[in-house]
S.K.: 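The structure is given below, and queries will be raised subsequently.
This structure is a prediction, so every number in the text was calculated from the model and none was measured. We name chains A, B, ... by the order of the sequence lines, and we start the count at 1 in each one.
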Amino acid sequence: MEQYFDILIAFFLVVAGLFGFVGSFGLIKLNDQMSRLHAPTKATTLGVGGVLIASILHSAVSEHHLSLHELLITLFLFLTAPITANFIAKVHVHRHQTPETLPPAGEDSTWATFMTEDKDDES
Amino acid sequence: MILTYAIYFAFACFGAGMLMNMWVVITAEGIGDRILALDTMVINTIALIVLYGVNIGSEIFFEAAMIIAMLGFVSTVAYARYLLRGNIIE
């Protein structure tokens with residue numbers, strides 16, 4: 001029985017390692033900066049999630065007590081990865097684009113990073 | 001037995017990822033890539049710490065991984081916000 005759990009943990013570790021590697025490799029490989037955002041924020045987060053699942057299973061099987069506090073790290077990473085991705089995308093828009101090169105912003109007057117102070121005050 | 005090899009495989013993958021992140025930090029074209037590489041480096045560090053805890057069968061490294069996750073998020077947001085607004089706490 002324990003052997004099957006070892007195979008399961010090994011499976012999660014191998015999948016996690018592959019996703020972590022792909023995430024870091026995509027950061028070199030992809031062509032423009034908005035594409036490069038995809039690789040680390042999605043693939044690497046999944047890689048860390050796999051490692052944490054393997055850690056939960058390992059402590060449950062080999063030390064015979066279920067410790068779920070690894071889920072805290074998973075939850076924290078899954079909450080914060082989109083926020084950091086949003087901030088880095090905003091930095092890219094702020095430094096490399098102008099309001100003319102971007103598509104129209106819909107019902108708002110302009111994109112948030114180009115708003116000046118007095119427009120902020122009006123809204 | 002199979003578990004030992006799987007742990008070493010994951011160590012090799014995340015270590016190689018960390019080296020590639022360092023390469024991007026050194027040779028990045030813009031500042032956005034550099035922030036992204038540093039953020040990925042933090043995530044890979046968490047994975048390596050948790051893997052080391054699995055390897056030696058200890059849970060003592062959980063708090064370290066948690067603190068690094070929080071500090072990495074805060075530092076990434078602070079760096080990006082400094083570039084966006086020229087100021088961190090307004």
S.K.: Checking A:Phe25 against chain B: side chain, backbone, both or neither under 4.5 Å from a heavy atom?
M.R.: both
S.K.: Should B:Leu51 and A:Leu13 be marked as a side-chain contact (heavy atoms from CB on, under 4.5 Å) after you check the CA-CA gap, both sets of side-chain angles, and the distance that decides it?
M.R.: CA-CA 9 Å; B:Leu51 270 176; A:Leu13 283 174; 3.5 Å; yes
S.K.: Could you see if A:Ile56 belongs to whatever hydrophobic cluster contains A:Phe12? Use Ile, Leu, Val, Met, Phe, Trp, Tyr and a side-chain cutoff under 4.5 Å.
M.R.: no
S.K.: Looking at A:Ile88, A:Thr84, A:Val91, which hits side chain to side chain contact (heavy atoms under 4.5 Å, CB included) with B:Leu36?
M.R.: A:Ile88
S.K.: Rounded at 0.5 Å granularity, tell me how far CZ in B:Phe73 sits from CZ in A:Phe87.
M.R.: 7.5 Å
S.K.: After noting the C-alpha distance and the side-chain angles of A:His69 and B:Met66, does the key distance pass the side-chain contact (heavy atoms from CB on, under 4.5 Å) rule?
M.R.: CA-CA 10 Å; A:His69 58 201; B:Met66 190 81 211; over 6 Å; no
S.K.: Give, as side chain, backbone, both or neither, the part of B:Ile2 having an atom under 4.5 angstrom from any heavy atom of chain A.
M.R.: both
S.K.: Please determine whether residues B:Trp23 and B:Leu38 belong to a single hydrophobic cluster, defined as Ile, Leu, Val, Met, Phe, Trp and Tyr linked transitively by side-chain heavy-atom distances below 4.5 Å.
M.R.: yes
S.K.: Taking atom CZ of A:Arg36 and atom CD of B:Glu29, what is their separation to the nearest 0.5 Å?
M.R.: 5.0 Å
S.K.: Set out, in order, the CA-CA distance, both residues' side-chain angles and the distance that settles side-chain contact (heavy atoms from CB on, under 4.5 Å) for B:Leu3 and A:His58, then state yes or no.
M.R.: CA-CA 10 Å; B:Leu3 193 55; A:His58 185 262; 3.7 Å; yes
S.K.: What verdict does the side-chain contact (heavy atoms from CB on, under 4.5 Å) test give for A:Ile73 and B:Phe62, after you've listed the backbone C-alpha separation in whole Å, the side-chain angles of each residue and the deciding distance to 0.1 Å?
M.R.: CA-CA 9 Å; A:Ile73 299 181; B:Phe62 161 75; 3.7 Å; yes
S.K.: Measure A:Leu72 against the heavy atoms of chain B and call it side chain, backbone, both or neither at under 4.5 Å.
M.R.: both
S.K.: Could you tell me which non-hydrogen atom of B:Phe14 sits nearest to which non-hydrogen atom of A:Ala16, and how far apart they are?
M.R.: CZ-O, 3.6 Å
S.K.: If every non-hydrogen atom of B:Asp33 is compared with every non-hydrogen atom of A:Gln33, which pair is closest and at what distance?
M.R.: N-NE2, 3.0 Å
S.K.: Between A:Arg95 and B:Leu83, what is the shortest heavy-atom contact and its length?
M.R.: NH1-CD2, 3.8 Å
S.K.: Counting only heavy atoms not in B:Tyr52, do more than 12 fall under 6.0 Å of its OH?
M.R.: no
S.K.: Within a strict 4.5 Å, meaning less than it, do heavy atoms of the A:Pro40 and B:Asp39 side chains meet?
M.R.: no
S.K.: Any idea which heavy atoms bring A:Ser55 and B:Val50 closest together, and the distance?
M.R.: CB-CG1, 3.8 Å
S.K.: Atom CZ of residue position B:Phe9 - does it have more than 12 heavy atoms of other residues, nucleotides or ligands inside 6.0 Å?
M.R.: yes
S.K.: Return the minimal non-hydrogen interatomic distance between B:Leu84 and A:Lys90, and the atom names on each side.
M.R.: CD2-O, 3.6 Å
S.K.: Is the number of heavy atoms from other residues, nucleotides or ligands under 6.0 Å of B:Glu63 CD greater than 12?
M.R.: yes
S.K.: Tell me, for B:Leu19 versus chain A, whether the close heavy atoms (under 4.5 Å) come from the side chain, the backbone, both or neither.
M.R.: neither
S.K.: By a 4.5 Å heavy-atom criterion (distance strictly below it), what part of A:Thr80 contacts chain B: side chain, backbone, both, or neither?
M.R.: both
S.K.: So if you build clusters from Ile, Leu, Val, Met, Phe, Trp, Tyr with side-chain heavy-atom gaps below 4.5 Å, do B:Ile26 and A:Leu30 land together?
M.R.: no
S.K.: Using the rule that two of Ile, Leu, Val, Met, Phe, Trp, Tyr join whenever any of their side-chain heavy atoms come within less than 4.5 Å, decide whether B:Phe11 and B:Met22 are in one cluster.
M.R.: yes
S.K.: If you count the non-hydrogen atoms of other residues, nucleotides and ligands that lie under 6.0 Å from CD1 in B:Ile60, is the total more than 12?
M.R.: no
S.K.: Minimum heavy-atom separation for B:Ala47 and A:Val51, please, with both atom names.
M.R.: O-CG1, 3.9 Å
S.K.: Pick one of side chain, backbone, both or neither for B:Val54, based on which atoms fall under 4.5 Å of a heavy atom in chain A.
M.R.: both
S.K.: Which one of B:Arg81, B:Met41, B:Met70, B:Met1 has the most heavy-atom pairs closer than 4.5 Å to chain A?
M.R.: B:Met70
S.K.: Are B:Val25 and B:Ile68 co-members of a hydrophobic cluster defined by side-chain heavy atoms under 4.5 Å apart?
M.R.: yes
